[in-house]
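All figures in this text were calculated on a predicted structure; none of them were measured in a lab. Chain identifiers are assigned alphabetically (A, B, ...) following the order of the sequence lines, protein sequences preceding nucleic acid strands; residue numbering begins at 1 within each chain.
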2 protein chains.
Amino acid sequence: MANRAAPLRLTSANAKPAGRPTRNGKARREDADREVGLDALAGHAGYAVRRFQIWIFQDFIKTLAAVDIRPTQYSVMTVIGANPGLSQMAVAKRLGIERARLVHLLDGLERRKLVKRVQSPSDRRCHALYLTAQGETSLRQFKRLAAEHERHVAEKIGKENRERLLHILSCFT
Amino acid sequence: MANRAAPLRLTSANAKPAGRPTRNGKARREDADREVGLDALAGHAGYAVRRFQIWIFQDFIKTLAAVDIRPTQYSVMTVIGANPGLSQMAVAKRLGIERARLVHLLDGLERRKLVKRVQSPSDRRCHALYLTAQGETSLRQFKRLAAEHERHVAEKIGKENRERLLHILSCFT
DNA sequence: GGACAATTGTTGTCGTCAACAACAATCTTT
DNA sequence: AAAGATTGTTGTTGACGACAACAATTGTCC
């Protein structure tokens, strides 16, 4: 019921809702400086996961900013590096992205000489995907930075919680 | 090293990468039907969280399709319902969305008579946000459907795992 | 062998969403 | 009163998912 009085404080920000003790005497009621209560969202997994996903992606992007690699690009290179010769369809299905989207991703990676498309001899519709020599050495550096990012995650939610989370979500690969 | 010969097959789909036992006899080695190996992504929390977040949002959208309410709209209405009179800035900061984005969200909700903007008397820059009468009754229905969605999540990852996950991510509210 | 269906890569559009920048109106500060 | 900050608004950009169409190629079926 009266979860309205439920106080809580934002991590960083300060809410200034409708009315608060300004100079015009009409000061707020006692609910003046209540923080925004939304226990209402507490039991929703999707909300927590969304916020966490935003945080984790921002940290990934920031940690890999020096090499200008985004999460999706990293996942594409990782899959190709582990499975050279894969077709675009195979990579797209594996990562759950559309082949149309993968085209642009590969365009960018190929432009940077990290990945190459090779015409498959057995099926002339397919492009076999490989990392270039530069792509392989670069990927090793990306993986070091990604490992640093994972340490940030462990610092944020706890080392054991991170492993628990990986275990819980292992069915999503 | 020679993971190049690594062949693979998708979980549901069939990958047709560079070469496989087609009519041209050059059949694969014994490692023929290995799935697409990307243990490389196994230890990455961000990837699992992203995939899970996509799944959970799609289920939310599908479960609330009858009422045409998306996750962000639901979170906005829930926060306003729990904290009537909040300003747009307060809601935006609370939900971690930009005030520019909230403008369009509120436009849609206001057009559907679910939310109303009221000029704040104490600060004429602010709009105090309230649910309409229809908005409150609708929100109750949305919450019932959202609870059904949460049950889907519990079925997917397990009841106890869902609660474990909520606990781990509680710091993201 | 040849018609027909399916697949692959590509291009395009549309809508969602985060990130920024600019602006007018308003409030705060000095 | 002047300068600075805040709020709501509009706009742009880019990443991303979804979908539709297309040419080239392959598989299938008669």
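Counting non-hydrogen atoms under 4.0 angstrom, B:Gln88 reaches the backbone sugars and phosphates but no base. If you check every strand for non-hydrogen atoms under 4.0 Å, B:Arg124 touches sugar and phosphate atoms only. Heavy atoms of A:Ile54 sit under 4.0 angstrom from primed sugar atoms or phosphate atoms, though from no base atom.
Distances shorter than 4.0 Å separate none of the side-chain N or O atoms of B:Arg125 from OP1 or OP2 on D:dT6. One finds a side-chain N or O of B:Arg50 lying less than 4.0 angstrom from the OP1 or OP2 phosphate oxygen of D:dG17. Side-chain nitrogen and oxygen atoms of A:Arg101 include none within less than 4.0 Å of the OP1 or OP2 phosphate oxygen of C:dT13.
Between B:Phe52 and A:Phe172, the distance from one ring center to the other falls under 6.0 angstrom.
Here the side chain of B:Glu98 is nearest to one of C:dA19, D:dC19, D:dT7, namely C:dA19. Closest to the side chain of A:Ala100, from the set C:dA18, C:dG9, C:dG12, is C:dG12. Closest contact between the side chain of B:Cys126 and the listed nucleotides C:dG12, D:dG17, D:dT7 involves D:dT7.
In this structure, A:Leu102 atom CG and D:dC19 atom C1' are separated by 17 Å, rounded to whole Å. Atoms NE2 (A:His127) and C1' (D:dT25) sit 12 Å apart, rounded to a whole Å.
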Taking only distance into account, with no hydrogens and no angle test, what donor-acceptor pairs under 3.5 Å do side-chain atoms of residues 59-68 of chain B form with protein atoms, sequence neighbours excluded?
residue	atom	partner	partner atom	Å
B:Asp59	OD1	B:His152	ND1	3.1
B:Asp59	OD2	B:Thr63	OG1	3.3
B:Asp59	OD2	B:His149	ND1	2.7
B:Asp59	OD2	B:His152	ND1	2.9
B:Thr63	OG1	B:Asp59	O	2.6
B:Thr63	OG1	B:His152	ND1	3.4

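Listed for the B:Thr132 side chain is a donor-acceptor partner under 3.5 Å among the backbone atoms of B:Lys113. Counting only distance, with no hydrogens or angles, the side chain of B:Ser138 and the backbone of B:Gly135 share no donor-acceptor pair below 3.5 Å.
Taken residue by residue, residues 68-77 of chain A places heavy atoms nearer than 4.0 Å to DNA chain D at A:Arg70, A:Thr72. Within residues 103-115 of chain B, the residues approached by DNA chain D to less than 4.0 Å at the level of any non-hydrogen atom are B:Val103, in residue-number order.
A:Gly46 and B:Phe57 get closest at one heavy-atom pair: O-CE1, 3.9 Å.
Under 4.0 Å is where a charged nitrogen must lie from a carboxylate oxygen, and between B:Glu163 and B:Lys159 at least one such pair does.
Counting atom types as modelled, B:Arg99 pairs a side-chain N or O with a base atom of D:dG8 as donor and acceptor under 3.5 Å.
Contact annotation: the side chain of A:Asn161 approaches that of A:Arg164 to within less than 4.5 Å [non-hydrogen atoms, C-beta and beyond].
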